[in-house]
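Presented below is the structure to which this report refers.
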Amino acid sequence: MTANFDIVVIGAGIAGASVAYELAGDARVVVIEMESHPGYHTTGRSAAIFSEAYGPAPIRCLTSQSRAFYENPPDVFGQHPLLTSRGVLYAARDDQLESLEALRCNLSGNADMRMVDAGDIGRLSPLLRPGYAVAGLYEEQASDIDVNALHHGYLRGLRRRGGEVIVDSQVYSAERRNGVWILSTRRGTVEAPVVVNAAGAWADELAAKLGANPAGLVPKRRTALVIAAPEGANPDRWAATVDVDEQFYLKPDAGRLLISPADETPSAPCDAQPEEMDIAICIDRIQRAFSVDVKRVENCWAGLRTFAEDHAPVCGYDPAVEGFFWLAGQGGYGIQSAPGLSQLAACLVSGKSLPDGLEQRGFRVADVSPLRLRRRTEVVES
Ligand SMILES: Cc1cc2nc3c(=O)[nH]c(=O)nc-3n(C[C@H](O)[C@H](O)[C@H](O)COP(=O)(O)OP(=O)(O)OC[C@H]3O[C@@H](n4cnc5c(N)ncnc54)[C@H](O)[C@@H]3O)c2cc1C
């Protein structure tokens, strides 16, 4: 069976779902997903934090650009807010004050960050051991994201706009004939002039199937655990607490605590699983910093955060392969930035002007273009 579309998006995580939704207003769009349910890989495994202070400059612009969508999404995203106020505290011990100062300087344009002292820290993050952190940066506007509502809102909206999602359908091979991609999948052949690569950890592998050079993306495993809050504590109003050198974080999660050792272990693309050693490191770091005795891990998972060398996303047409568009390398920020990044990607796919307000934030398309990675490689080689 052969089906024809204007655009094929490969991967139904948050990247694929969001860009497909944005494109479906003007084009016949299909999303091809190899798993039986969208979101099985990294999208379903995040910590669900929205922080305009987190990530490299292009991500911070795209995350800020996303706020308007999060706060006023189309009806298809449901009645419940996509963001819930949380606050993020970047906490520093006295031997980490240089890191705190570096973070403060790096974020100097970000008006919503403020320095806090030990007294504030005790109120914002009451579980931190007294005296552990001496100073911090606090982002009051940081929020929890309802990732499921966001992701499924995009998929629902895509279908309402006439788009399709085909699951259980890995793309095995591709060839381009007369300006059209012909993709072989487990469920038949799909044809379209444009392919969007939203394959997450598999993005470089997919690129090779379409004859493109890799972008040098590296999937890195990160582990998360859920533990009980101390008896009698109500963590709902506590800030998420991130070690300023990103050695761990702790976030209240529906009455429990989500904790992570903030590991970044390079991995081949796979169904990532937590390692015993990372779980042990996580518990050790959390118990050193917080007054918590981890007796039982209630839930535990790992996921792959996929990075380009400079940690900025890869968004744009491949410079050498016609009709092949990259939307990959979202790293640890792919949920918070999804509305802004997908609107940008949809404009670039269709050759439209950039979304209103994005350049005013200091955003430059060149900083996310696949071309920048090729230039870097050329500089290194010469
Ligand atoms: C522990 C952890 C915490 C995180 N916390 C946050 C956070 O707080 N805030 C935030 O913004 N981000 C966070 N992230 C990062 C965020 O989850 C990712 O940036 C985002 O989910 C990436 O989405 P994606 O769609 O690119 O990838 P994925 O969700 O992995 O989707 C890619 C899809 O492509 C499919 N695919 C691959 N190859 C093929 C093929 N050949 N054919 C068909 N389908 C294919 C895969 O099956 C997969 O479903 C976190 C990640 C982890 C692991």
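Counting convention: from 1, in listed order, for ligands and their atoms alike. These numbers come from the heavy atoms of this one structure, side chains and all, not from hydrogens, waters or symmetry mates.
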I145 to ligand 1: N or O pair under 3.5 Å? no
Check this for me - ligand 1, W301, N or O atoms closer than 3.5 angstrom, yes or no? no
Under 3.5 Å, is there a donor-acceptor pair between the S99 and D245 side chains? yes
For G13, atoms of ligand 1 separated by under 4.0 Å from a heavy atom: 25 (O), 29 (O), 31 (O)
Using a strict 4.0 Å cut-off to heavy atoms of E35, name the atoms of ligand 1 that fall inside it. 47 (O)
Heavy atom of the protein closest to atom 2 (C) of ligand 1 (residue, atom name, distance): R45 O, 3.4 Å
Per-atom contacts, ligand 1 versus Q330 - under 4.0 Å to a heavy atom: 19 (O), 26 (O)
Using a plain distance cutoff, I'd like to know if M34 has any nitrogen or oxygen under 3.5 Å from a nitrogen or oxygen of ligand 1. yes
Check this for me: does any side-chain nitrogen of one of R285 and D243 sit under 4.0 Å from a carboxylate oxygen of the other? no
Run the salt bridge (charged side-chain N to carboxylate O under 4.0 Å, His left out) check on D204 and K209 step by step: do they pass? CA-CA 9 Å; D204 266 353; K209 287 185 180 140; over 6 Å; no
Examine L206 against ligand 1 and note whether any of their N/O atoms are separated by less than 3.5 Å. no
Identity and separation of the nearest protein heavy atom to atom 48 (C) of ligand 1: E33 OE1, 3.5 Å
Examine distances only and state if a side-chain atom of E33 and a backbone atom of E35 form a donor-acceptor pair shorter than 3.5 Å. yes
Looking only at distances, please establish whether an N/O atom of ligand 1 is found under 3.5 Å from an N/O atom of G39. no
Got an N/O contact under 3.5 Å between I14 and ligand 1? yes
Tell me the protein heavy atom at minimum distance from atom 29 (O) of ligand 1, and give that distance in Å. T43 OG1, 2.6 Å
Any chance the side chains of D263 and T223 put a donor and an acceptor closer than 3.5 Å? yes
Which ligand 1 atoms, with their elements, are less than 4.0 angstrom from a heavy-atom of G11? 33 (C), 34 (O), 35 (C)
In terms of the angle between their ring planes, are F69 and Y21 parallel, tilted or perpendicular, with boundaries placed at 30° and 60°? perpendicular
Identified side chain to side chain donor-acceptor pair (under 3.5 Å) counterpart of E52 within the set Q141, Q65, R67, Q336: R67
Does ligand 1 have a heavy atom under 4.0 Å from the side chain of A198, from its backbone, from both, or from neither? backbone
Tell me whether D26 is salt-bridged to K352, with the criterion being a basic N under 4.0 Å from an acidic carboxylate O. yes
Backbone or side chain, does any N or O of A201 fall under 3.5 Å from an N or O of ligand 1? no
Quick one: look at A48 and ligand 1, take heavy-atom pairs under 4.0 Å, and tell me if it's side chain, backbone, both or neither. backbone
Tell me, which protein residue and heavy-atom name are nearest atom 13 (C) of ligand 1, and how many Å apart are they? G332 O, 3.3 Å
Under 4.5 Å between any side-chain heavy atoms of I14 and V147, yes or no? no
G303: numbered ligand 1 atoms lying under 4.0 Å from its heavy atoms: 53 (C)
Under 3.5 Å, is there a donor-acceptor pair between the Y172 and R186 side chains? no
If the cut-off is 4.0 Å to any non-hydrogen atom of W202, which atoms of ligand 1 fall inside it? 37 (C), 38 (N)
May I ask you to check if ligand 1 and G334 share an N or O to N or O distance below 3.5 Å? yes
For atom 3 (C) of ligand 1, the protein heavy atom that lies nearest, with its residue and separation: A47 N, 3.3 Å
No-hydrogen, no-angle side-chain donor-acceptor test under 3.5 Å, S125 and Y138: no
Test your reading of the model: is there a side-chain donor-acceptor pair from R256 to the backbone of I227, 3.5 Å cut-off? no
Below 3.5 Å, N or O to N or O, backbone or side chain included: is there any such pair between Y249 and ligand 1? no
Quick test: of every protein heavy atom, which one is nearest to atom 51 (C) of ligand 1, and how far off is it to 0.1 Å? R305 CG, 3.5 Å
Could you list which atoms of ligand 1 come closer than 4.0 Å to a heavy atom of Q336? 10 (C), 11 (O)
Do you reckon I286 sits in the same ILVMFWY cluster as I121, going by side-chain contacts under 4.5 Å, direct or chained? yes
For ligand 1 and V171, I'd like to know whether there is a polar contact (N/O to N/O, distance under 3.5 Å). yes
Give the numbers and elements of all ligand 1 atoms closer than 4.0 Å to a heavy atom of A199. 32 (C), 34 (O), 37 (C), 38 (N)
When distances are taken from atom 27 (O) of ligand 1, the protein heavy atom at minimum range is G200 CA, 3.8 Å
If we ignore angles and hydrogens, is there a donor and acceptor under 3.5 Å between the side chains of Y54 and E246? yes
Any non-hydrogen atom of Y40 lying under 4.0 Å from ligand 1? no
Any carboxylate oxygen within less than 4.0 angstrom of a Lys/Arg side-chain nitrogen, looking at K251 and D253? no
same_hphob_cluster(V321, V349) at 4.5 Å side-chain heavy-atom cutoff: no
Linking I/L/V/M/F/W/Y whenever any side-chain heavy atoms sit under 4.5 Å apart, do V30 and F325 land together? no
Report the nearest protein non-hydrogen atom to atom 9 (N) of ligand 1: residue, atom name, distance rounded to 0.1 Å. I49 O, 3.1 Å
